[in-house]
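Structure first, commentary second.
Being a predicted model, the structure only gives us computed values, none of them experimental.
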Amino acid sequence: MTGPRRDPDLVRPYVRTGGQVHARGDVRLESVVIAATGPTDTLPPDARRVMRLFAGSQGGLAVADIAAALELPPSTVRILVSSLMDSGHLSSPVAAADDQPDFDLLQEVLRGLRSMV
């Protein structure tokens with residue numbers, strides 16, 4: 001190993017996640033989550049650290065950004081975020097994938113706009 005370890009207490013990931021080993025399937029590294037309001041004093045320490053990242057912020061954060069800010073493994077953060085989503089402390093904006101226009105229609109609109117210029 002080179003250099004000092006960033007995590008001096010060497011807490012194992014399964015301890016940080018309370019023994020949970022899998023995140024929900026819809027929580028990916030690029031997933032954006034937003035914080036809900038409510039008390040966080042009963043949460044485990046790492047979950048409180050995640051929630052502190054949202055303090056004073058109106059926007060959302062990607063799971064990868066949370067992992068980078070906390071200097072924790074992304075897989076561990078995915079599980080923490082999943083747990084916080086299950087408890088209602090975090091939520092993910094609803095994707096409008098079903099409302100997306102057809103790709104061919106978008107191509108036609110783009111061609112039409114280009115012909116006008």
Side-chain angles (χ1 to χ4, degrees):
M1 265 195 290
T2 60
R5 295 189 82 109
R6 291 187 182 261
D7 190 8
D9 56 358
L10 298 176
V11 176
R12 299 284 186 210
Y14 63 85
V15 174
R16 291 186 182 276
T17 62
Q20 189 176 351
V21 293
H22 295 290
R24 291 179 8 185
D26 61 340
V27 177
R28 299 186 315 242
L29 289 178
E30 64 272 11
S31 298
V32 175
V33 292
I34 54 176
T37 57
T40 59
D41 54 341
T42 59
L43 294 174
D46 285 314
R48 285 196 307 265
R49 288 179 61 204
V50 169
M51 295 305 293
R52 266 189 244 123
L53 292 175
F54 293 94
S57 165
Q58 297 293 330
L61 290 171
V63 175
D65 294 333
I66 295 170
L70 298 179
E71 298 180 348
L72 290 174
S75 57
T76 302
V77 174
R78 282 184 63 224
I79 295 169
L80 288 170
V81 167
S82 175
S83 175
L84 287 167
M85 288 176 76
D86 290 342
S87 68
H89 288 91
L90 293 178
S91 64
S92 182
V94 177
D98 296 338
D99 296 338
Q100 297 291 328
D102 185 47
F103 182 75
D104 294 331
L105 174 65
L106 291 175
Q107 289 286 53
E108 284 296 317
V109 169
L110 183 59
R111 278 190 221 113
L113 290 172
R114 285 183 178 154
S115 68
M116 292 172 57
V117 178

- Query: Is there a donor-acceptor pair under 3.5 Å between the side chain of H89 and the backbone N or O of V81?
  - Reply: no
- Query: Rounded to the nearest 0.5 Å, how far apart are CG of L105 and CG of L110?
  - Reply: 11.0 Å
- Of L90, I79, V27, the one forming a side-chain contact (heavy atoms from CB on, under 4.5 Å) with L84 is L90
- Applying side chain to side chain donor-acceptor pair (under 3.5 Å), name anything that partners S91, two or more places apart in sequence or on another chain. none
- Results of side chain to side chain donor-acceptor pair (under 3.5 Å) for Q107 - residues two or more places apart only: none
- Item | For R52, salt bridge (charged side-chain N to carboxylate O under 4.0 Å, His left out) partners two or more places apart | none
- Item | Donor-acceptor pair, side chain of S92 and main chain of V32, under 3.5 angstrom | yes
- Task: Not counting sequence neighbours, which residues clear salt bridge (charged side-chain N to carboxylate O under 4.0 Å, His left out) with R28? List them please.
- Result: E30
- Task: Kindly write out the residues that satisfy side-chain contact (heavy atoms from CB on, under 4.5 Å) with D104, not counting sequence neighbours, or none if the list is empty.
- Result: D102
- Query: What heavy-atom pair brings G88 and A36 nearest, and what distance separates the two atoms?
  - Reply: O-CB, 3.4 Å
- Output all residues satisfying side chain to side chain donor-acceptor pair (under 3.5 Å) with R48, sequence neighbours left out; order by chain, then residue number. none
- Which heavy-atom pair separates A47 from L43 by the least distance, and what is that distance? CB-CB, 4.0 Å
- Item | All salt bridge (charged side-chain N to carboxylate O under 4.0 Å, His left out) counterparts of R111, not counting sequence neighbours | E108
- Taking all non-hydrogen atoms of both residues into account, name the closest pair between A67 and P74 and its distance. CB-CA, 4.0 Å
- Excluding sequence neighbours, so at least two apart, what forms side-chain contact (heavy atoms from CB on, under 4.5 Å) with L61? L53, F54, I66
- Any side-chain heavy atom of R49 sitting closer than 4.5 Å to one from L80? no
- Do V50 and I34 share a hydrophobic cluster (ILVMFWY, side-chain heavy atoms under 4.5 Å, transitive)? no
